[in-house]
Amino acid sequence: MPFLQLTVPTTREDADELSDTLSQLGALAITLQDAEDQPIYAPGIGEPTLWDQILLSALFEENT
């Protein structure tokens with residue numbers, strides 16, 4: 001079964017909202033990856049756990 005993949009550059013601040021929107025539009029899966037080769041170490045309490053710049057990919061059925 002063929003799929004369509006949409007990859008969008010985004011920021012840590014916008015990743016959750018964009019992910020939610022793409023899910024509502026029918027995304028079957030969403031993945032986040034580092035857009036700038038920035039390592040993440042064990043975060044401290046209350047520190048963000050995502051990279052500053054993110055590539056967000058959403059997978060959709062072919063006929064979406």
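No hydrogens, no waters, no symmetry mates; every other heavy atom, side chains included, goes into these values. Just so you know, residue 1 is the first one in the sequence shown, and it goes up from there.
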Distance col, row Leu18:CG vs Asp14:CG, nearest 0.5 angstrom, shows 7.5 Å
Output for pair (Leu4 CG, Glu61 CD), nearest 0.5 Å, gives 9.5 Å
So CG of Leu22 and OG of Ser57: to nearest 0.5 Å the spacing works out to 10.0 Å
Are Leu56 and Leu6 grouped together when hydrophobic residues (ILVMFWY) are joined by side-chain heavy atoms under 4.5 angstrom apart? yes
Sorted by chain and number, sequence neighbours left out, side-chain hydrogen bond (donor to acceptor under 3.5 Å, both in side chains) with Asp20 holds for none
Please tabulate, for the side chains in residues 27-40, all donor-acceptor contacts under 3.5 angstrom to protein atoms that are two or more places apart in sequence or on a different chain.
| residue | atom | partner | partner atom | Å |
| --- | --- | --- | --- | --- |
| Asp34 | OD1 | Glu36 | N | 2.8 |
| Asp34 | OD1 | Asp37 | N | 3.3 |
| Asp34 | OD1 | Gln38 | N | 3.4 |
| Asp34 | OD2 | Asp37 | N | 2.8 |
| Asp34 | OD2 | Gln38 | N | 2.3 |
| Gln38 | OE1 | Asp52 | N | 3.1 |
| Gln38 | NE2 | Asp52 | OD2 | 3.4 |

Are Leu59 and Leu55 connected into the same hydrophobic cluster when the rule is that any two of I, L, V, M, F, W, Y join if their side-chain heavy atoms are below 4.5 Å apart? no
Would you say the side-chain atoms of Ser23 pair up with the backbone N or O of Ser19, donor to acceptor, closer than 3.5 Å?
-> yes
